[in-house]
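All values reported here derive from a predicted model rather than from experimental measurement.
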Number of protein chains: 2
Amino acid sequence: MDGPLSTRVTSQSAAATHTVDCVVFGFAEGELRVLLVRRAVAPFAGEWVLPGGAMAADQTLEETGQRVLRELVGVSNLQLTQVATYSAPDRHPVRRVVTTTYYALVRPEHHTPAARGYLSEAAWHRLTELPPLGFDHRELLDDAHLRLIQHLRTRPLAFALLPDDFTLSEIQQLYEEILGESLDRRNFRRKVLAYDFLIDTGVKRSGVKGGPAVYRSDPALLHRALTAPHI
Amino acid sequence: MDGPLSTRVTSQSAAATHTVDCVVFGFAEGELRVLLVRRAVAPFAGEWVLPGGAMAADQTLEETGQRVLRELVGVSNLQLTQVATYSAPDRHPVRRVVTTTYYALVRPEHHTPAARGYLSEAAWHRLTELPPLGFDHRELLDDAHLRLIQHLRTRPLAFALLPDDFTLSEIQQLYEEILGESLDRRNFRRKVLAYDFLIDTGVKRSGVKGGPAVYRSDPALLHRALTAPHI
DNA sequence: TCAAAAGTGTTCGGGCTACACCCATGC
DNA sequence: GCATGGGTGTAGCCCGAACACTTTTGA
């Protein structure tokens with residue numbers, strides 16, 4: 001809100017830049033990963049950070065997140081979920097920066113990140129082996145991960161991270177990765193099948209022992225499960 | 001985050017003012033209420049809105065929320081919980097405003113709001129009988145209420161809204177108000193007593209039928225319950 | 001004495017957890 | 001053929017929901 005204070009207030013707050021940082025989660029080779037970029041310029045030149053950028057005058061924060069991911073690392077059309085906004089005056093060493101974070105879930109095989117702009121590198125990192133991050137991005141990342149866990153406990157979100165076809169064990173691995181705990185196979189199967197948006201393709205995956213059944217999620221039913229049943 | 005784009009980027013985003021709006025919940029006469037203020041100036045002069053104001057250059061968003069509530073409506077030292085950040089370019093009719101919302105829980109009897117600054121009025125409103133709100137504040141308020149409900153389902157937050165002494169029925173009324181549903185008295189008593197931070201003062205409330213026992217919450221145990229057991 | 005609210009225990013069902021054996025496949 | 005993982009069912013426990021009667025107090 002604001003009132004007649006406009007001028008005083010605008011001059012005060014003009015010093016702050018509003019940026020968006022994105023915590024992009026991917027799942028590959030059985031491990032949960034995060035998309036990080038390496039800065040080519042000061043401050044924190046050479047350090048790994050979350051991909052992000054400043055809000056444009058004609059864009060919302062979410063649109064800014066989409067644009068930044070497209071421009072900097074070449075990934076498009078992600079579903080971004082807002083996490084939090086950070087405003088400590090000294091969180092950026094040079095000037096005042098207020099940052100809103102979003103998380104996104106992607107299939108890494110669909111998106112090959114490539115560093116552009118002021119970046120020297122863009123790569124997936126295992127959540128268990130993160131490099132030191134510049135700014136306060138480690139905190140931002142951890143907060144986003146916690147929020148993801150919260151959301152995952154109430155909704156079948158994780159399918160956005162999986163390829164079209166997957167086995168039940170692959171889903172389970174994914175859940176175990178995100179939640180950071182191991183789950184009982186039988187109980188997990190029962191629960192996930194109860195969602196009833198999984199389709200048994202009838203195919204069995206070859207090249208892997210046991211010959212597990214290959215499933216696919218029904219997009220319409222999955223969407224219904226994601227939107228309808230609030231908790 | 002941002003890099004060599006600084007100048008371009010800063011000029012773009014300098015147009016946006018960052019403000020904080022607060023959704024202050026109170027509980028009085030058995031009903032959940034929200035603190036609203038009436039604007040004395042354009043835009044939306046004469047309309048009810050959430051109390052809020054622009055972020056100061058040397059303050060965090062949360063500190064701004066505290067200051068705004070102190071300056072505009074004379075309430076201090078609330079615990080503010082961040083809800084979300086809104087950034088639609090046209091959400092303010094005059095210029096670009098990005099707003100972060102917080103909610104707070106207070107005991108109305110401890111805080112007598114008084115309009116100051118650019119406000120003509122400050123008053124508690126029943127959540128069930130809200131006036132039309134200026135800007136997009138109705139959406140902000142509803143989102144904050146939903147977040148409060150979510151938090152309340154996992155933590156015994158509501159005691160911040162109650163006087164020092166209260167009966168079990170009063171707590172139950174409060175929960176029913178916030179959640180918008182009625183609860184079984186016996187189940188509710190059992191659950192709330194299981195938290196084990198309630199102290200039976202031994203006193204019985206007079207002037208009310210049934211002679212209900214008066215309870216008090218142990219500050220230390222309550223604080224532990226609020227912070228320790230994450231879900 | 002009557003009306004209204006306080007106080008109290010038990011039962012039922014559903015969901016989660018724990019757990020062991022046989023089958024299919026790759027090597 | 002053997003090692004690895006896939007596939008299946010059941011029993012116990014805990015939590016939450018439903019539910020009725022007696023006691024206390026104000027009017």
Going by an N to O cut-off under 4.0 Å, is there a salt bridge joining A/Arg153 and A/Glu181?
-> yes
So does A/Glu129 pair up with A/Arg33, basic N to acidic O under 4.0 Å?
-> no
Using heavy atoms and a sub-4.0 Å distance, could you list which residues of residues 190-205 of chain A are near DNA chain D? By number, please.
-> A/Arg190
Contact check, side chains of A/Trp124 and A/Val106, non-hydrogen atoms, under 4.5 Å = yes
Do the rings of A/His18 and B/His18 sit parallel, tilted or perpendicular, given the 30° and 60° boundaries?
-> parallel
So which one's nearest nucleotide on DNA chain C is more toward 5', B/Leu168 or A/Asn187?
-> B/Leu168
Using 4.0 Å as the upper bound for N to carboxylate O, is an ion pair formed by A/Arg126 and A/Glu29?
-> no
Using 30° and 60° as the class limits, which term best fits the ring planes of B/His125 and B/Trp48: parallel, tilted or perpendicular?
-> perpendicular
Mind listing the residues from residues 175-185 of chain A sitting with a heavy atom below 4.0 Å of DNA chain D? Number order is fine.
-> A/Arg185
In a table with atom names and distances, give each donor-acceptor pair under 3.5 Å that connects a side chain of residues 208-221 of chain A to protein atoms at least two apart or in another chain.
residue	atom	partner	partner atom	Å
A/Arg216	NE	A/Asp165	OD1	2.7
A/Arg216	NH2	A/Asp165	OD1	2.9
A/Arg216	NH2	A/Asp165	OD2	3.0
A/Asp218	OD1	A/Ala220	N	2.9
A/Asp218	OD1	A/Leu221	N	3.0

Output all residues satisfying ring-ring contact (aromatic ring centres under 6.0 Å, His included) with B/His151, sequence neighbours left out; order by chain, then residue number.
-> B/Tyr103
Quick one: label A/Ser169 by what it contacts on the DNA or RNA (base, sugar-phosphate, nothing), any heavy atom closer than 4.0 Å.
-> sugar-phosphate
Close side-chain approach of A/Val20 to A/Thr101, heavy-atom, < 4.5 Å | no
Can you pull the contact range of chain A along DNA chain C, 5' to 3', using atoms under 4.0 angstrom from its heavy atoms?
-> C/dT17 to C/dG26
Consider only side-chain N and O atoms of A/Asp143 and A/Tyr86, and report whether a donor and an acceptor are under 3.5 Å apart.
-> yes
Provide the start and end nucleotides, 5' to 3', of the part of DNA chain D that has atoms under 4.0 Å from heavy atoms of chain A.
-> D/dT4 to D/dT10
Are A/Glu176 and A/Gln172 linked by a side-chain donor-acceptor pair shorter than 3.5 Å?
-> yes
